[in-house]
Amino acid sequence: MSPLQIAQELRDEKSTSAPLTAVRLDKWLWAARFYKTRSIARNMIDGGKVHYNGQRAKPSRMVEVGAEIRLRQGHDERTITVLALSEQRQGAPIAQTLYQETDTSLKKREHETEMRRLNAHNPRPDGRPDKKQRRDIRKFKQGID
C-alpha cells in the first residue's frame with residue numbers, strides 16, 4: 001500500500017463531511033509541515049517568501065489541488081505542486097503525501113547545497129592563542145607598531 005493510499009484512508013476515516021475543495025494557504029503550509037506554526041507560515045507569506053502560482057499571496061488565499069507553490073526555507077527555495085488538501089496537521093509521512101517537489105527544484109537545491117558545502121570556509125583557529133599571539137592580536141587591534 002502506498003503512502004498516498006494510507007493517507008487517503010486516514011482522511012476518509014477521520015472526515016465524515018464532504019471532501020475539501022479549498023484550504024487557506026497558511027493552514028495548508030502548516031498542515032504540510034513546511035512551518036512549525038500557522039503564525040510562522042503567516043509571517044512568511046506576508047514577508048513575500050511564499051508565491052502561489054507565480055504571484056505573491058495572502059495567508060487567506062485558498063489552495064487548490066494542482067497549484068504550484070514556491071517557498072523559501074532558510075537558504076533553500078522549493079517549488080512544489082499540491083496533490084491533496086488537509087486542514088489538520090498530521091504525521092510527517094502523511095504530510096509528505098500532500099505535495100510533490102518538482103524535479104528542477106530538487107536538482108537546484110542539491111546543487112546549491114553542494115556549492116555551500118564546497119565554499120564553506122571556517123576561519124576558526126585550532127586552539128586558543130598563546131601569550132605571544134595574544135600580544136600580537138592586541139597590537140594589531142590597537143594599531144601599535
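Hydrogens, waters and symmetry mates play no part in the numbers below; they use all other heavy atoms, side chains included.
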Ala67 backbone acceptor or donor facing Asn53 side chain under 3.5 Å: no

By salt bridge (Lys or Arg N to Asp or Glu O under 4.0 Å) - contacts of Arg117 (at least two apart): Glu114

side-chain hydrogen bond (donor to acceptor under 3.5 Å, both in side chains) pairs, two or more places apart, involving residues 19-37: Arg24-Asp26, Asp26-Arg38, Thr37-Ser39

Pairs flagged by ring-ring contact (aromatic ring centres under 6.0 Å, His included) wherever residues 55-74 is involved - sequence neighbours left out: none

Rounded distance [0.5 Å steps], CD1 in Ile94 versus CZ in Arg89: 12.5 Å

Under 3.5 Å, which donor-acceptor pairs do the side chains of residues 44-52 form with other protein atoms, sequence neighbours left out?
residue, atom, partner, partner atom, Å
His51, NE2, Gly48, O, 3.3
Tyr52, OH, Met62, O, 3.4
Tyr52, OH, Glu64, N, 3.2

Sub-4.5 Å side-chain heavy-atom contact between Leu98 and Val82: no

Results of ring-ring contact (aromatic ring centres under 6.0 Å, His included) for Phe34 - residues two or more places apart only: Tyr99

Note, Thr79 side chain near Thr104 side chain (heavy atom, < 4.5 Å): no

Heavy-atom closest pair, residues Ser86 and Ala31: O-CB, 3.5 Å

Non-neighbouring partners of Gln133 that pass side-chain contact (heavy atoms from CB on, under 4.5 Å), sequence neighbours left out: Pro129, Asp130

Shortest non-hydrogen contact from Leu29 toward Ala41: CB-CB, 4.3 Å

For Lys131, side-chain contact (heavy atoms from CB on, under 4.5 Å) partners two or more places apart: Arg134, Arg135

Residue pairs, two or more places apart or on separate chains, that pass ring-ring contact (aromatic ring centres under 6.0 Å, His included) and touch residues 60-98: none

Side-chain heavy-atom pair Thr102, Thr81 within 4.5 angstrom cut-off: yes

Atom of Leu85, atom of Val63 and distance for their closest heavy-atom approach: CD2-O, 3.8 Å

Salt bridge (Lys or Arg N to Asp or Glu O under 4.0 Å) partners for Arg70, two or more places apart: Glu77

Those residues that, when tested against Asp136, pass side-chain hydrogen bond (donor to acceptor under 3.5 Å, both in side chains) (two or more places apart): Lys132

Distance-minimising heavy-atom pair for Lys58 and Leu25: O-CD2, 4.0 Å

Qualifying residues under side-chain hydrogen bond (donor to acceptor under 3.5 Å, both in side chains), relative to Asp76, sequence neighbours excluded: Arg116

Partners passing side-chain hydrogen bond (donor to acceptor under 3.5 Å, both in side chains) against Ser105 (at least two apart in sequence or in another chain): Glu101

Student check: side-chain heavy atoms of Arg109 and Leu106 closer than 4.5 Å: yes

